[in-house]
Amino acid sequence: MEKIMLNNGVEMPVLGFGTYQVTDPAECEKSVAEAVRAGYRLIDTAQAYGNEEAVGAGIKSCGVPRGELFITTKVWFRSYETEDCRASLEESMRKLGVDYLDMVLLHWPFGNVYAAWRVLEEYNEAGKIRAIGVSNMEADRLIDLITFNRVKPALNQIETHLYCQRQAEHQWLEKFGVAHQAYAPLGQGRANEMFGEDAVKTIAAAHGKTPAQVLLRFQIQNGVAVIPKSVHVERIQENINVFDFALSDAEMAQLKALDTGRPMIGDAENPDKVEFAMTW
Ligand code: NAD
């Protein structure tokens, strides 16, 4: 598995396993164990997914030592006050059955982001979290956070896929040394037309690969880490099988041209979506 060197020297697999909406405990445990068997080493969960215990059961039963795994979880924005954030981190570790976390992200840039960030810094400096980062944070807020805190975020996990490539945001992340990780790299199954785009189908056929593999490979070649989710064994295996081919410059350019520049799922800059998020 290829790895990305984060800004604090910690190495993170470039491809991981997403677990959003995997809420059935038995299915979640089985999927995580299948993913590890297929070669995934990074597992992405969150307090808000309600599946940390099942993810923990999966990493316990997978047969690979804890030290070889990279576990990411996220703090929900309603737990950003200092004591709430500490309690959230302790609860995540207890549910996951681990005594340290590899990566913790602030799930959304709402509420008391600064208080929560300083708790993450505290845990990071105490060696309980190897790397800390943010999610759904646009470059303007990220620059602010970097400027007024000790520890720079190692990662921004943000919706990124064929139709929302975040080309400008990626430049900012590179400039500030923050790694870029794509959530919903397959459009969360909401944008099935992505798989049917002529360019995607033609490129997939040329390499003897599937559209999903081309979409994931495209992100990786753009310097973006990916965490696709599936609960089907054959898709779990398919989604990690993207390291034995490379897209040409011409193919990359064809795919880049399909960017609409608009997120479909998460958008912390859209007041309608933010107002709705406040009900969560
Ligand atoms: P995704 O883009 O990974 O899409 C998953 C869906 O794509 C599946 O449910 C299935 O319908 C389809 N799919 C998967 N593999 C396929 C294949 N090989 N062929 C055809 N279809 C396939 O969407 P996601 O789950 O939302 O995102 C990935 C992960 O990112 C999540 O599981 C979660 O861990 C994380 N995430 C984070 C945030 C955040 O706010 N930080 C938000 C959403 C997701």
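Bear in mind that the values here come from a model prediction, so they are computed numbers and not experimental data.
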Check the pair M1, F243 against side chain to side chain contact (heavy atoms under 4.5 Å, CB included), reporting the backbone distance first and the verdict last. CA-CA 8 Å; M1 172 67 64; F243 297 102; 3.8 Å; yes
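- Contact detail for A268 and N136: the closest heavy-atom pair is CB-O, 3.6 Å.
- Among all heavy-atom pairs drawn from R166 and E159, the shortest one is NE-O, 2.7 Å.
- No donor-acceptor pair closer than 3.5 Å links the side chain of N51 to the backbone N or O of A54.
- By the 30° and 60° cut-offs, the orientation of the rings of H107 relative to Y49 is perpendicular.
- H180 and H170 have tilted rings, their planes meeting at an angle from 30° to 60° on a 0 to 90° scale.
- Between K273 and D267 there is no salt bridge, since no side-chain nitrogen of the basic residue lies less than 4.0 Å from a carboxylate oxygen of the acidic one.
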Walk me through it: do S92 and V98 pass the test side chain to side chain contact (heavy atoms under 4.5 Å, CB included)? CA-CA 9 Å; S92 286; V98 298; over 6 Å; no
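- Listed here is the closest heavy atom pair of W108 and G266: CH2-CA, 3.5 Å.
- When atom types are taken as modelled, the side chain of S135 and the backbone of Q157 share a donor-acceptor pair closer than 3.5 angstrom.
- A distance-only check finds a donor-acceptor pair linking the side chain of R217 to the backbone of V242 [under 3.5 Å].
- A salt bridge is absent between E27 and K30: the closest approach of a Lys/Arg side-chain nitrogen to an acidic carboxylate oxygen does not fall below 4.0 angstrom.
- Of all heavy-atom pairs spanning G133 and L120, the tightest one is O-CD1, 4.2 Å.
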Given the rule in the side chain to side chain donor-acceptor pair (under 3.5 Å) test, do Q165 and N222 qualify, once you have shown the distances and angles that lead to the verdict? CA-CA 9 Å; Q165 296 180 21; N222 277 327; 4.8 Å; no
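- Looking at E53 and K95, no side-chain N of the basic residue comes within less than 4.0 Å of a carboxylate O on the acidic one, giving no salt bridge.
- Looking at R94 and E90, no side-chain N of the basic residue comes within less than 4.0 Å of a carboxylate O on the acidic one, giving no salt bridge.
- Ionic pairing of K60 and E29 is not present here: no N-O contact between side-chain nitrogen and carboxylate oxygen is shorter than 4.0 angstrom.
- Side-chain atoms of R66 come within 3.5 Å of backbone atoms of Y100 as a donor-acceptor pair (strictly under, hydrogens ignored).
- Of all heavy-atom pairs between A212 and F195, the closest is CB-CE2, 3.7 Å.
- V22 and I59 fall into different hydrophobic clusters, where Ile, Leu, Val, Met, Phe, Trp and Tyr residues are linked whenever their side-chain heavy atoms come under 4.5 Å apart, directly or through other members.
- When the shell of 6.0 Å around CG of D244 is examined, it contains more than 12 heavy atoms from other residues, nucleotides or ligands.
- Criterion: ILVMFWY side-chain heavy atoms under 4.5 Å apart, direct or through other members. Under it, M264 and Y183 are part of a common hydrophobic cluster.
- With no hydrogens or angles considered, no side-chain donor-acceptor pair links Q213 and N239 at under 3.5 Å.
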Go through it in stages, so that I can follow the logic: the residues are M5 and V10, the test is side chain to side chain contact (heavy atoms under 4.5 Å, CB included), and I'd like the CA-CA distance, side-chain angles, deciding distance and then a yes or no. CA-CA 6 Å; M5 175 77 84; V10 169; over 6 Å; no
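- Judged purely by distance below 3.5 Å, without hydrogens or angles, the side chains of E251 and H207 pair a donor atom with an acceptor atom.
- With hydrogens and angles ignored, the 3.5 Å screen pairs no side-chain donor or acceptor of R41 with any backbone N or O of L15.
- Placement of I158 and M103 in two distinct hydrophobic clusters is found when ILVMFWY residues are connected by side-chain heavy-atom separations under 4.5 Å, directly or transitively.
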Checking side chain to side chain contact (heavy atoms under 4.5 Å, CB included) for the pair T19/S31: CA distance, chi angles, key distance, verdict? CA-CA 9 Å; T19 66; S31 305; over 6 Å; no
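- The backbone N or O of S79 lies less than 3.5 Å from no partner atom in the side chain of D84, so there is not a single donor-acceptor pair.
- A donor-acceptor contact shorter than 3.5 Å links the side chain of N7 to the backbone of P153.
- For the residue pair E52 / T73, a side-chain donor-acceptor distance below 3.5 Å is found, with atom types taken as modelled.
- For N149 (side chain) and L145 (main-chain N/O), a donor-acceptor pair under 3.5 Å exists by modelled atom type.
- Between the side chain of E121 and the main chain of R150, a donor-acceptor pair closer than 3.5 Å is present.
- Hydrophobic clustering of Ile, Leu, Val, Met, Phe, Trp and Tyr side chains at less than 4.5 Å, counting indirect connections, keeps I227 apart from V233.
- Other residues, nucleotides and ligands contribute more than 12 heavy atoms inside 6.0 Å of the CD atom of E68.
- Taking hydrophobic clusters as Ile, Leu, Val, Met, Phe, Trp and Tyr residues chained together by side-chain heavy-atom distances below 4.5 Å, F245 shares a cluster with V200.
- With respect to the salt-bridge test (charged N to carboxylate O, under 4.0 angstrom), the residues D44 and K74 qualify.
- Scanning both residues, M137 and P109, for their nearest heavy atoms gives CE-CB, 3.8 Å.
- Checking each of F77, W76, F276 against F110 for a ring pair (Phe, Tyr, Trp, His ring centres under 6.0 Å) leaves exactly one that passes, namely F77.
- The main-chain N or O of M252 is never found under 3.5 Å from a side-chain atom of Q221 such that the two would form a donor-acceptor pair.
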